Amino acid sequence: MSGSTLVESPLAWRTSNAHQASPTARLRTITAQKQKNHLDDDVNTASSLRNDSLPPVNALFASNTSPAPPFGVASTSDFQDLDRYIALGCLHYKAALPTSERPLLDAQWTEMLDLPDEVKLIIGTEAARLLDASWIRLFSHRSSSHVQARRSLVRVYLLPEDWKRRVIDRNSKSLKNALRALLSSIDASPSAWNGDSTEAEARPFDPWASAENVSLYYLFNKLPSPAPRPEMIKSRYARVAVRDLLRSASSSEWEHHGEQPLAGLRTRLYPYQSRSASLMIEREAAPQLNLDPRLEVRVSPNGKQFFFGARDGSFLHEPKYYEASRGGILAETMGLGKTLISLAVILATKGHYPRIPDAYIPPAPKRSSVGSLADMAASIIGRHSIPARALIEQTELNNDADYTYLKDALDRNRPFYEIPPELPRMNRNTKVPPARQLALCSATIIVVPRNLLHQWQAEIKKHVLPGGLNILVVDSVPKRSPKLARVHPGSDVMTFVSELPAPTELMKFDVVLFTRNRFEQEIQDGTDEQGRRAATGVNRVCSCPYIGSSRIPDCNCVRSGALYESPLRKLHWLRIIIDEGHSFSSSVSNAVLVAKQIQAERRWVVSGSKS
């Protein structure tokens, strides 16, 4: 690639008198005359400006190998380490550039500083602007070949966006556009970087993201087999759950007596099922750090790696990571036990609570009097999401003891936190909405298609021991039998309802099994019986007239007390599982919108389809 061709032969920049020299050269000359107290050297210095030849080389290029920068030139001591810069590539020019007598790098490269207007015309407007803004550094190549002497080769070092942000502004849109334009002329080949200006092996810089020419079917078949690592999990309770799942695939000497390594599970898992369930809990409890998908790893001409974001044209030295989601897709082949794996995960983490987000961790409560030891311990246990109730119930079962007073203390100190409201535009009628309070809930929401509800019920009765899970089935009201049978939550039979109970009742269940049709009806949250919503942040004053001489207003306004509030949005759920999740493809469907509104720490999609 080459820039604009201005001259085909080396430039001969001539100055006949002092005023034709560059401003920097004149400033250096005047300063040197003052510092030498008008000695005889003044005559020699003045004569050098009157000489009909090229101006001094240091007036055009300044080398960083000098002991100290001359007066009038900004110090570059902060930019000495080129390892901080990204080796972007080289620029080819069909015009020769003058070189300094003191090379900077490998006896062949000299840094270009204080460029006169003639050189800026050769390198182009984009490179000149980026150089003046200290976004790039340029190094010209000194060639000993007569063929290459008619051409010029310039190395380009780019300042990454994750360094020197306090000193150099990196938010200029015009400079970013100039950088994008400069990338089209960059030669990223190693041969050009090593001094070959013939462009025989030129490799243009690709400003677009690298394509992955593979199908989803190929990616699905190349996924590695689940290999859980319990030692990577910091939570001791999740680590114990993973080890119980791994042991549940082996035979037990107590199996004939109905005891299983995983409490509540009747069926022994196959090894692949136990590994899949264990890996699911590992992803939930110990999410890994993944590279930002907007970045890709590139290799510079000098062999070093950097990170390039094709979307915004960003260049980074250090990668950006984000925490992987606490969930994923369970895409096992049909008939291999996806339902059983999901039930095993629920049983292994029974009684576990979601963690309070770090931004909303509440302070210790202030009591009017000194609380009991049980209450203070229960409050701390709740704020740290310790599954104390499950441990207490297991201790009661093993020791045949009664710790009701400890469970009552946990009930009195249920963990919750508040999410501050988003403040609307303020005016005299603005009503600031209250903070949203969420209580921690250890239950799992399962959303299944209507035709698979009976299959899930049959699988639960087949694989789960009586009393293993407390399940609430929520379905829409059938037309032929408007009344649904209700069963007490403490019995072994599932409880069927059409209307959701209060949040405190929902917290007593381990699983809330929804049909998709009934789940979509929770989109009515915040609406009245006619489906109307109140205006956000505005306190509307009702001015409707009364009916006759009565004091009953003839009003059809939306009243805040008549709005439906979904109990699902008042709890922070441990997990939500969407069966046949490939049917949730539309982002504007009611089911997807309700799932987005629910606060759940762990989210899973179960699907037998690879699409």
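Keep in mind it's a predicted model, so treat the numbers as computed, not measured.
- Proximity of a side-chain donor or acceptor of D162 to a complementary backbone N or O of H317 within less than 3.5 Å is detected.
- Note that CZ of F205 and CG of L182 are 10.5 Å apart. Values are rounded to the nearest 0.5 Å.
- Taking every heavy atom of both residues into account, I123 and Y93 meet most closely at O-OH, 3.0 Å.
- Checked by atom type and distance alone, the side chain of R603 pairs as donor or acceptor with a backbone atom of A595 at under 3.5 Å.
- In this structure, the separation between CD1 on I598 and CD1 on I445 is 4.0 Å, given to the nearest 0.5 Å.
- Minimum interatomic distance between A324 and N290 (heavy atoms only, all atoms of both residues): CB-ND2, 3.3 Å.
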request  = Applying side chain to side chain contact (heavy atoms under 4.5 Å, CB included), run through K176 and L179 and close with a yes or a no.
outcome  = CA-CA 5 Å; K176 288 184 177 181; L179 179 59; 5.5 Å; no
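- A donor-acceptor contact closer than 3.5 angstrom links the side chains of R383 and S379.
- For H572 and F416, the ring centers are positioned 6.0 Å apart or more.
- Atom OG1 of T110 is separated from atom CG of L97 by 11.0 Å, given to the nearest 0.5 angstrom.
- For CZ of R236, the number of neighbouring non-hydrogen atoms (other residues, nucleotides, ligands) closer than 6.0 Å is 12 at most.
- None of V345, I576, T349, I281 except one satisfies the side chain to side chain contact (heavy atoms under 4.5 Å, CB included) rule with R602; the exception is T349.
- Judged purely by distance below 3.5 Å, without hydrogens or angles, the side chains of S314 and R294 never pair a donor atom with an acceptor atom.
- Taking CG of D187 as the reference point, atom CG of L153 lies at 8.0 Å (rounded to 0.5 Å).
- Between K304 and D83, at least one side-chain nitrogen of the basic residue sits less than 4.0 Å from a carboxylate oxygen of the acidic one, meeting the salt-bridge criterion.
- Using a 4.0 Å cut-off between charged nitrogen and carboxylate oxygen, R575 and E284 count as a salt-bridge pair.
- For the pair C441 and P354, the tightest heavy-atom approach, listed with the atom from each and the gap, is O-CD, 3.3 Å.
- A salt bridge links R298 with E296: the closest approach of a Lys/Arg side-chain nitrogen to an acidic carboxylate oxygen falls below 4.0 angstrom.
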query = After noting the C-alpha distance and the side-chain angles of H582 and S607, does the key distance pass the side chain to side chain donor-acceptor pair (under 3.5 Å) rule?
reply = CA-CA 6 Å; H582 56 273; S607 175; 2.9 Å; yes
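- A donor-acceptor contact shorter than 3.5 Å links the side chain of S152 to the backbone of A95.
- Using modelled atom types, no side-chain atom of S235 and backbone atom of A285 make a donor-acceptor pair closer than 3.5 Å.
- Between K164 and S134, every side-chain heavy-atom pair lies at or beyond the 4.5 Å cut-off.
- Although no hydrogens or angles enter the test, the distance criterion places a donor-acceptor pair under 3.5 Å between the side chain of R170 and the main chain of L159.
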task = Using the side chain to side chain contact (heavy atoms under 4.5 Å, CB included) rule, take V156 and L138 through it: C-alpha gap first, then chi angles, then the decisive distance, then the call.
result = CA-CA 5 Å; V156 180; L138 302 179; 3.8 Å; yes
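- Taking the six-membered ring wherever Trp is involved, the centroid distance between the rings of W163 and F306 does not fall below 6.0 Å.
- Put simply, the side chain of E282 never gets that close to the backbone of P230: no donor and acceptor are under 3.5 Å apart.
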message = Show, in sequence, the C-alpha distance, side-chain angles and deciding distance for I136 and Y85, and conclude whether the side chain to side chain contact (heavy atoms under 4.5 Å, CB included) test is met.
response = CA-CA 8 Å; I136 61 175; Y85 287 76; over 6 Å; no
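- Note: L91 CG to I122 CD1 = 12.5 Å, rounded to the nearest 0.5 Å.
- Within 6.0 Å of CD in E422 there are 12 or fewer heavy atoms belonging to other residues, nucleotides or ligands.
- D196 contributes no side-chain N or O that, together with a main-chain N or O of S191, makes up a donor-acceptor pair within less than 3.5 Å.
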key: Worked verdict on T198 versus R151 for side chain to side chain donor-acceptor pair (under 3.5 Å)   = CA-CA 9 Å; T198 59; R151 308 173 63 90; over 6 Å; no
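- Looking only at distances, a side-chain donor or acceptor of W573 sits under 3.5 Å from a matching main-chain atom of L568.
- In R436, the CZ atom is crowded: over 12 heavy atoms of neighbouring residues, nucleotides or ligands sit closer than 6.0 Å.
- Side-chain contact check for K320 versus L295: some heavy-atom pair is nearer than 4.5 Å.
- With contacts defined as side-chain heavy-atom distances shorter than 4.5 Å, the pair R165/N171 qualifies.
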message = Before you tell me yes or no, could you show the steps for E601 and L574 under side chain to side chain contact (heavy atoms under 4.5 Å, CB included), namely the whole-Å CA-CA distance, both residues' side-chain angles and the distance that decides it to 0.1 Å?
response = CA-CA 5 Å; E601 183 182 72; L574 176 67; 4.1 Å; yes
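- Nearest approach of C90 to A192, heavy atoms of both residues: SG-O, 3.4 Å.
- Using a 4.5 Å heavy-atom threshold, the side chains of L571 and Q599 count as separate.
- Residues F139 and Y157 bring their aromatic ring centres within 6.0 Å.
- A salt bridge links K120 and D132; the closest N-O separation between the charged side-chain nitrogens and carboxylate oxygens is under 4.0 Å.
- Put simply, the side chain of N177 gets close to the backbone of K173: a donor and an acceptor are under 3.5 Å apart.
- Within the model, atoms CD of E126 and CG of L131 stand 13.0 Å from one another, a figure rounded to the nearest 0.5 Å.
- Within 6.0 Å of the CD1 atom in I419, the count of heavy atoms belonging to other residues, nucleotides or ligands exceeds 12.
- Between L440 and Y417, the shortest heavy-atom distance links the atoms CD2-CE2, 3.9 Å.
- Between F315 and I86, the shortest heavy-atom contact is CB-CD1, 3.7 Å.
- Not a single donor-acceptor pair under 3.5 Å links the side chain of S442 to the backbone N or O of Y353.
- Between E418 and Y360, every side-chain heavy-atom pair lies at or beyond the 4.5 Å cut-off.
- For E201, the CD atom is loosely surrounded, since the number of other residues' heavy atoms within 6.0 Å does not exceed 12.
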